[in-house]
Amino acid sequence: MVAADRVAATVAQGVHGRRRVGTGDSFWQFRPFVDGDTPARIDWRQSAKSDRTFIRDMEWEAAQTVCLWRAGDASMGWASARGLPQKRQRAELLLLALSALLVRAGEQVRLIGVPGRAFRGRGAVEGIARALPDGGDGLPPRALVPARSCVVLMGDFFAPLPEVRAAVAMLAGLPVRGHMLQVLDPAEVSLPYAGRVKFRGLAGEAETLIPRVDGVRAAYAEALAAQQDGLAAICRAAGWSFAIHRTDTSPESALLSLYMALDAGRYSR
Amino acid sequence: MIFAAPWILLALALLPILWWLLRATPPAPRDQIFPAIRLLAGLKSPEETPARTPWWLLALRLGAAGLVIVGLAGPILGAGGLAVLSRGTALLVIDDGFASGPDWPARVAAAQAVLDRLDHANSAVALLTTAQRPTGETPRATAAMPVALLRPLVAALHPQAWPTDRAALVDAVRSSGSGPVFYISDALAGPADEGFAAALAARGAVDMLTGDLPARLLLAKPEPERLVAVLRQTAVPAATHETVLAETGDGTVLGQTALTVPAGATRAEAAIALPPELRNQFFALRLAGAPGAGSVALLDEASRRRPVGLLAAGSGGETPLLGDNFYVERALGTTSELRHGDAASLLGRKISMLVSADGVIGTADDGAIEAWVKAGGILLRFAGPGLAEQAAQDGASGKLLPEPLLAGDRQLGGAMSWSQPAHLAPFPPGPFAGLAVPAEVTVNRQVLADPQAGATPQVWAALTDGTPLVTAARLGAGELVLFHVTANADWSNLPLSGLFVDMLSRLVQRSAGVAGSEDARMLAPAQALDGAGVLGPPPPAAVPLRASDLGSVAMSAEHPPGFYGPEHDRHALNLGSERFPLVAMSKIPGSTRLSLLAAPREQPVGPWLIALALALLCADMVLTLRIRGLLRPAFAAMLCVVLAGQAWAESPALATHLAYVVTGDAEVDATSKAGLVGLSAYVNLRTAAVLADPAAVVPGRDDLSFYPLLYWPITANATGSAAATGALNDYMRHGGIIIIDLQGGTAGASGTGAGFAPGAEAALRRVADGLEVPRLAPLTSAHVLARSFYLLSDFPGRFDGGTVWVQQDQDRANDSVSPVIVGSNDWAAAWAADDDGRPLFAVIPGGQRQRVLAYRFGVNMVMYALTGNYKGDQVHVPAILERLGQ
């Protein structure tokens, strides 16, 4: 959580406000008084500078609900080298940092699959950290998600594409905007093994014996690219954004792009 | 090298098949966890090259398999030398007489080597020894038995102390079957050897193994002044040098002599010079380096000093300084064995001289004594009032006197005579010739010989006017000797002088002793030599011996060499009598003669090869794990560290250590270390400070900042270096305390250690050249150092009284603690103690109190170093309180 705060603090400096009129605290615009507006809202100082009456508009800062989810299956609990964090730890870090940013900006944060109230205000991040389930699945569960909220999914998404499409479709059917972040270990990207290796999976899959890993490296890269293209296509079809993050790169950059995507998605509506 | 089971070597032909199998089998793949395994499923690599075991791993495994096969085949090293060619029951004959004692272990090893060869041939072996058993029975050949059953019998053999008796074994050899004969012989010819040799040759092929040492016998010939050792041996072509030791009863060597036996000689002699006082302690002569019964010549009473019998005087004869026997005892007691008693008891044993000190011999003893003297004894009589009176009564009897005596005596000097006491004239030729006559010997009174009796005795000593003082006459084979003065100082002061001692010892040496008067006694065996030359209880078969047969009996189990007779009358029976012939044994016809060393023991190498193969397989396992990636490097590194042991040095910052400067002189450094160890122990025991082992430092090289106190002994050749001086200055500046110890100082310095360390002060000036030592003042009992733990008024070390110097002014920058303590009292030597706590050096002037004070001063210095000016403040507290109060 401390790491999440630190990451969030790094990113929060570059945040811009929501560019809409609404109820909020910060000044947005002066607009002329129109019949139908409440006279109490007239800003007399500005009106005195000219001969028209103005109303001060504030920026829209209505609390939005963002639903976060991270994959918790066994294949996430792996790191290829001792210096790298496990994928799940990185996903949790990003989740908590994002929720810290959102809560600081005044949004509400929910966890998909964890029933209960939404988290907001002070102590939200701690509550989220406590409420995060230890295990989980590789794909988001069928859960009720408030409409017009944002959804952020983080995981490695190695499941077959039809399953992923079904889960995304279920969520996109309610009109939610979504962002998918695939967290990968650099060894899963580059396959740095050589010789005769017997690979074992963490989630109970069958073992695979590869006589020469050097030879399959190209084919594996193709398979991985195909999977990632499939995921991107699913997201595009649902109107979501898709990003890839490697655990050996800094989490701040992933968080910044995710936050930007959240903002952009909000303004697109 | 031969193989015990050579057919196993055929399994080596399987090695190529093993090689092909190992090559064809691919090694186990690496294990790797991978979550994206679903993407890998179904991927095929374009070309598949088969995985192969690396060639070196293959070679390792094949090597291990080969070693196992060869090891199982039982290779044996050293199986040459002897060959068992013929079939049949083998016979192993071992000579275990006295001549095989010196190299007995080599003989047993050769026997075991022969049994090794016979073990391969799987033949049954019978064992035969050739010397009589200690129980007296003739040895018999054992039944033919397998080698494994015979080995413990061979290992349990030991040599006997008597010669072999081969003549009695001919039947045993003939009845033991036929087959090869292995004869481990001592090469000493005995009677009736031809029959034995013929029987052996008839039995089968004979292999004779002999040692290199000749058979030796040692004989002792005591002579009056020295002991002659005679060595007899069989002839060898090379000259040998031996050492003969003269030992006492408990094995202490009192004298030795070197003996050289020329090439081809069979006899050599050497003499051991003996002071007469030690003569009686000699017990045996031993040949060094050859343990055996033939190398020991036992000495009995015949070689010892001659016993002298002292006839009991009347009452008052033993009175010190006045009694008649007193001076004779004192003169003869150191060099001879003195026996007291009456004539009958004295003559019952062998004595060489009979002394009658008060002059009178009872008539009952006359006959016995006369017979004894005629047989060769010396009777020594002294004159006295009784003799003078007897001469007056008996007239010219002259019985047991060299000549008849005149009645009365002659007075020289005294109140009623004109003459002065007479002196002795130089000795005429006789037993006393050559003795120096002291001028102070005077004679006051003497008896005189009767000139008219016609006897012409020999005059051995006379006065200056020609009057005989000592006369002697021959009686039969012995002599009668008369001193014309008393044996005490009444009539002359001759018994008071050293001349008396010399004269009596000459007389004792002159006495030849009485030989062989008790011939028919039976002497029971008291102690016997065993085969290794060690005296012990006699064997079961030993029987008593007639005293007259001592020189002529043949050695056997019934009469082993040793001591015979009762406790006070021991007679020695030695092997080395001249009668025993030492001749080399002739060759057995048709035999091959080998040296004992020609047949070494076999060494099976098989188990070692199998152990080596196991080690290779372990290495193979480790390497395979490494290939599969299961061997973590961190774990391996930890294993190496654990196996290599904890060799890292403890950091000196973990505990408080005292330190001493290494001077280069090993003794001084050892003393410094021992001293600081002692002081640390004392401090640990009595104070709350905990000190660890002292450290040796070289200023300039080692870091001094860990040590609160540095002990620096200045030796005369100490040199300073710039680096050392800089380091010490740094140390003192940062609060360290150096104890500079001159260890005594030059002559003229203060204290009791003056002169013990010449040149130390000059050396101090040399090494302290760049040291920033502040101004010093003598240490008084008002200083903090005298009060920091104990209250002291003087500060001794090994020496006392030397001045101790500390800093004069109080330097607030250094917490008012003196950075240097200079003295010459050698404190480390006073503190030094060994592991048991005993001090290593004596304190001068001495006393336990001085050592305790030295320890206390050391504790004070340690407390001063550890607590700084804390104790100084305590010292000032009364002054402070006073100032506050008033």
Side-chain angles (χ1 to χ4, degrees), chain A residues 71 73-80 82 86-88 138 155-161 163 182-228 230, chain B residues 18-62 617 619-642:
Chain A
D73 60 345
S75 74
M76 289 288 283
W78 179 73
S80 66
R82 206 161 327 127
Q86 290 181 356
K87 291 190 289 184
R88 192 169 82 179
D156 56 3
F157 298 113
F158 286 136
L161 291 175
E163 295 176 22
Q182 187 185 33
V183 180
L184 286 182
D185 200 275
E188 288 167 338
V189 174
S190 60
L191 204 65
Y193 310 112
R196 197 153 172 266
V197 184
K198 180 160 65 171
F199 292 101
R200 285 191 287 124
L202 283 168
E205 297 106 331
E207 297 172 345
T208 311
L209 175 65
I210 308 280
R212 258 189 94 225
V213 178
D214 307 334
V216 303
R217 196 170 288 144
Y220 172 77
E222 281 178 19
L224 184 63
Q227 173 86 359
Q228 285 172 341
Chain B
L18 187 68
W19 174 81
W20 180 81
L21 258 177
L22 285 176
R23 217 171 124 78
T25 316
R30 268 183 69 161
D31 230 8
Q32 181 65 45
I33 298 178
F34 199 67
I37 194 172
R38 199 184 61 81
L39 299 175
L40 283 175
L43 291 180
K44 283 213 187 326
S45 63
E47 43 122 305
E48 286 235 11
T49 55
R52 289 207 183 283
T53 325
W55 65 266
W56 40 269
L57 200 60
L58 209 56
L60 196 67
R61 289 177 182 167
L62 284 179
L617 285 176
D620 168 67
M621 188 175 76
V622 168
L623 285 170
T624 317
L625 282 179
R626 178 127 175 274
I627 289 181
R628 288 183 61 186
L630 293 177
L631 199 68
R632 295 188 174 274
F635 171 70
M638 204 172 63
L639 202 63
C640 284
V641 165
V642 165

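Letters go in sequence order (proteins before strands), and every chain restarts at 1.
Looking only at heavy-atom pairs under 4.5 Å with chain B, the residue among A:Lys87, A:Glu188, A:Arg200 that has the most is A:Arg200. The candidate with the highest count of non-hydrogen atom pairs below 4.5 Å against chain B, out of A:Ala226, A:Pro160, A:Gly77, is A:Pro160.
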> Would A:Phe158 and B:Phe34 count as a ring pair (Phe, Tyr, Trp, His ring centres under 6.0 Å) if you check the C-alpha gap in whole Å, the side-chain angles of each, and the deciding distance to 0.1 Å?
Replying inline: CA-CA 12 Å; A:Phe158 286 136; B:Phe34 199 67; 7.9 Å; no

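Across all non-hydrogen atoms, the minimal contact from A:Asp156 to A:Gln182 is O-NE2, 2.8 Å. Contact detail for A:Leu202 and B:Pro35: the closest heavy-atom pair is CD1-CG, 4.2 Å.
Looking at A:Ala74, there are no atoms closer than 4.5 Å to chain B (heavy atoms on both sides), in backbone or side chain. Neither the backbone nor the side chain of A:Ala218 comes within less than 4.5 Å of any heavy atom of chain B.
Using a 4.5 Å heavy-atom threshold, the side chains of A:Val216 and A:Leu191 count as touching.
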